[in-house]
Protein chains: 2
Amino acid sequence: MADELFRALADPTRRRILDELAERGGQSLFEICTRLVTKHGLGLSRQAVSQHLAVLEAADLVRTRREGRYKFHDLHAQPLEHIVTRWLRPSPPEDTP
Amino acid sequence: MADELFRALADPTRRRILDELAERGGQSLFEICTRLVTKHGLGLSRQAVSQHLAVLEAADLVRTRREGRYKFHDLHAQPLEHIVTRWLRPSPPEDTP
DNA sequence: TTGATAGGCAAGCCGCGACTTGCCTATGGT
DNA sequence: ACCATAGGCAAGTCGCGGCTTGCCTATCAA
């Protein structure tokens, strides 16, 4: 669980996606894709973004809802609390690699 | 800067090292090495740990001080605050189903 | 129904990161 | 002086992760 969280955060593109969803929730795959290209100047394919979103969803950092042929993505920052409670406030370690 | 921070946190062994230094600061390379092997049951060489510490030091998550032929390592959790201020602060906490 | 749109699946390429191996420097005890 | 200890450096192996390519399914509008 913590493994997937930190793995998801390891990639700079995925962090950009989190930034995007933080400032504007409920975006579809194509919205995120075009915004990353235009606003952030990143050149990546739709599938690349799709795979990034899958990793973020596996880490529970992004929640999705389907409506018709659209799939909307929302940021879910709560798992980040674990990082704070692990080292910023001393607490027993909990990792299972 | 943020790049090195998240890259450092991506590896489970490095997280273990942070846990170790959190519960007992000022350890040398060999101390960390033996503790990881005995307490956590990890099998890694001295050089592996040394390289991990270098990554953690580059991310400013570990501060070191030399004394004679010893090099002591201490946890420096302050960079983790950036994670909180990046996604946790801007958006208030959500529901937890 | 047809075509366009939104998204998914799977195989493959490729570079980076984790780890090892071998050798080197330096400090300190005796 | 000698040798053990503490650590560093560099090259090499190897698997995994990011990305592409190609094709497939599903939904909606005309």
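Computed from a predicted model, the values in this text were never measured in an experiment. In what follows, chains are A, B, ... by sequence order, proteins preceding strands, each numbered from 1.
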Say whether, by atom type as modelled, one donor and one acceptor occur between the side chain of B:Glu81 and the main chain of B:Gln78 under 3.5 angstrom.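 Answer holds: no.
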Are A:Asp3 and B:Arg15 ion-paired here, with the side-chain N under 4.0 Å from a carboxylate O?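 So A:Asp3 pairs with B:Arg15 through a salt bridge.
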So that I can tick it off, tell me whether B:Lys39 and B:Glu23 are bridged by a salt bridge, with the cut-off set at under 4.0 angstrom between side-chain N and carboxylate O.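 The answer is yes: the pair qualifies as a salt bridge.
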Interatomic distance where [atom1] belongs to [X] and [atom2] belongs to [N] [whole Å]:
X       : N      : atom1 : atom2 : value
B:Leu36 : C:dC19 : CG    : C1'   : 14 Å
B:Leu53 : D:dA6  : CG    : C1'   : 13 Å
B:Ile17 : C:dA18 : CD1   : P     : 11 Å
B:Leu29 : C:dT25 : CG    : P     : 20 Å
A:Ile32 : C:dA6  : CD1   : C1'   : 13 Å
A:Glu31 : C:dT5  : CD    : P     : 16 Å
B:Phe30 : D:dG8  : CZ    : P     : 10 Å
A:Gln27 : C:dG7  : CD    : P     : 11 Å

Might you point out which heavy atoms bring A:Ala8 and A:Leu56 nearest each other, and give the distance in Å?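 Closest pair (atom of A:Ala8, atom of A:Leu56, distance): CB-CD2, 4.1 Å.
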Might you point out which heavy atoms bring A:Val49 and A:Leu36 nearest each other, and give the distance in Å?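 Heavy atoms of A:Val49 and A:Leu36 come nearest at CG2-CD1, 4.2 Å.
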I'd like to know whether CZ of A:Arg16 has more than 12 heavy-atom contacts from other residues, nucleotides or ligands below 6.0 angstrom.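 12 or below, so no.
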Where along nucleotides 16-22 of chain D does protein come under 4.0 Å, by heavy atom, of base (B) or sugar-phosphate alone (S), with - for untouched nucleotides? -SSBBBB
Under 3.5 Å, which protein N or O atoms sit close to an N or O of nucleotides 25-28 of chain D? Give each pair with its distance.
from, atom 1, to, atom 2, distance (Å)
D:dT27, O2, A:Arg69, NH1, 3.3

Establish, with yes or no, whether the OP1 or OP2 oxygen of [N] is under 4.0 angstrom from a side-chain nitrogen or oxygen of [X].
X       : N      : result
A:Ser28 : C:dA6  : no
A:Ser50 : C:dG7  : no
B:Lys71 : C:dT27 : no

Could you check B:Arg14 against B:Glu20 for salt bridge (charged side-chain N to carboxylate O under 4.0 Å, His left out), going step by step and ending with a plain yes or no? CA-CA 10 Å; B:Arg14 282 195 286 269; B:Glu20 250 307 306; over 6 Å; no
Atom NE2 in B:His52, atom OG1 in B:Thr13: separation rounded to 0.5 Å?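 B:His52 atom NE2 to B:Thr13 atom OG1 measures 4.5 Å (nearest 0.5 Å).
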Is there a side-chain contact between B:His73 and B:Arg65 (heavy atoms, below 4.5 Å)?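 With C-beta onward as the side chain, the pair stays apart.
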